[in-house]
Amino acid sequence: LDLVQKAGDVRLFLSFRFASVRYTFLEALTYLKAAQSASGWKKRQMKKSARETIQIIKGWAKNGNVNVVHHLYILEAELAVLNGKSSKAKEKFNDAIVTSSRNGFIHDIALAHVLASAYFKVQGDDDWGNYHIGKSRIFYEEWGCWSEQVKQLKSPNVM
């Protein structure tokens, strides 16, 4: 989080559209995850920063960039988690997984499953948490990721 804040608007220096899009998505996700574990003023500040960054992605989607829609769903799911909107979080995680699948973003299918797993585990729903963590491992492996962290995803108690 400190690096994101210190770096400023890195998008100005990124020459490739993909890098700029990915950075913006991860910036918003970082703010949302930080807000989920913060309180008071810090939580409000992180949520505000996330919303501002999400607006950039919404603008891209509105202008016809279909390759950011799944990012939007992931961020909307995490925003729903932050706001305590359980049914909306479930809906948006599902939308993220389906849209990532349709568009062939295997790494983002895996990421959406990891985030959904964390959400369900916090809610005390170990069955759905384990389901999503198992799916994430499958998609990370399909994507070609073989790191130790991915190997550990087979354990239902990772999250």
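Just so it is clear, the structure is predicted and the values come from calculations on it, not from any experiment.
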Check whether any side-chain heavy atom of Tyr140 sits under 4.5 Å from a side-chain heavy atom of Arg137, and report yes or no. no
With a 4.5 Å cut-off on side-chain heavy-atom distances among I, L, V, M, F, W and Y, is there a chain of contacts connecting Trp60 to Leu32? yes
Distance col, row Tyr31:OH vs Leu79:CG, nearest 0.5 angstrom, shows 15.0 Å
Heavy atoms, side chains only, cut-off 4.5 Å: are Val68 and Thr24 in contact? no
Between Asp125 and Lys90, is the closest basic N to carboxylate O distance under 4.0 Å? no
With side-chain hydrogen bond (donor to acceptor under 3.5 Å, both in side chains) as the test, would you mind laying out the steps for Asn83 and Lys88 before giving the verdict? CA-CA 10 Å; Asn83 292 329; Lys88 184 168 185 172; over 6 Å; no
For Glu76 and Lys58, what are the C-alpha separation, side-chain angles and deciding distance, and is it a side-chain contact (heavy atoms from CB on, under 4.5 Å)? CA-CA 11 Å; Glu76 288 172 346; Lys58 282 185 177 181; 4.0 Å; yes
Provide the closest heavy-atom pair for Asn103 versus Val66 in the form atom of the first, atom of the second, distance. ND2-O, 3.8 Å
What distance do Phe139 atom CZ and Ile109 atom CD1 have between them, rounded to the nearest 0.5 Å? 4.5 Å
Tightest non-hydrogen contact, residues Ala80 and Ala89, listed as CB-N, 3.6 Å
Is there a chain of hydrophobic side chains (I, L, V, M, F, W, Y, each step under 4.5 Å between heavy atoms) that links Phe105 to Phe93? no
Once rounded to the nearest 0.5 Å, what's the spacing between atom CD1 of Ile74 and atom CD of Glu78? 8.5 Å
Do Trp143 and Ile138 belong together in a cluster built from hydrophobic side chains that touch within less than 4.5 Å? no
Spatial distance of atom CE (Met46) from atom OG (Ser39) [nearest 0.5 Å]: 12.0 Å
Are Val114 and Leu26 joined in one hydrophobic group, where the rule is that I, L, V, M, F, W and Y side chains link up if heavy atoms are under 4.5 Å apart? yes
How many angstroms lie between atom CD1 of Ile97 and atom OH of Tyr73, to the nearest 0.5 angstrom? 13.0 Å
Is the closest side-chain heavy-atom distance between His113 and Ile133 below 4.5 Å? no
For Asn65 and Asn67, indicate whether the former's side chain and the latter's backbone hold a donor-acceptor pair under 3.5 Å. yes
Looking only at heavy atoms, the pair that brings Gly129 and Ser117 closest together is O-OG, 2.7 Å
Rounded distance (nearest 0.5 Å) linking atom CD1 of Ile56 with atom OH of Tyr23: 9.5 Å
Passes side-chain contact (heavy atoms from CB on, under 4.5 Å), Lys47 versus Lys43? Steps please. CA-CA 6 Å; Lys47 188 175 177 179; Lys43 182 175 189 162; 5.5 Å; no
Aromatic ring proximity, centroids under 6.0 angstrom, His132 and Phe120: yes
So which heavy atom on Ser136 is nearest to which on Ala110, and how close? CB-O, 3.4 Å
Would you say Leu115 and Val69 are hydrophobically clustered, going by side-chain heavy atoms of ILVMFWY under 4.5 Å? no
For His70, which of Thr99, Asp95, Asp108 qualifies under side chain to side chain donor-acceptor pair (under 3.5 Å)? Asp108
For atom NZ of Lys33, is the number of surrounding heavy atoms from other residues, nucleotides or ligands below 6.0 Å larger than 12? yes
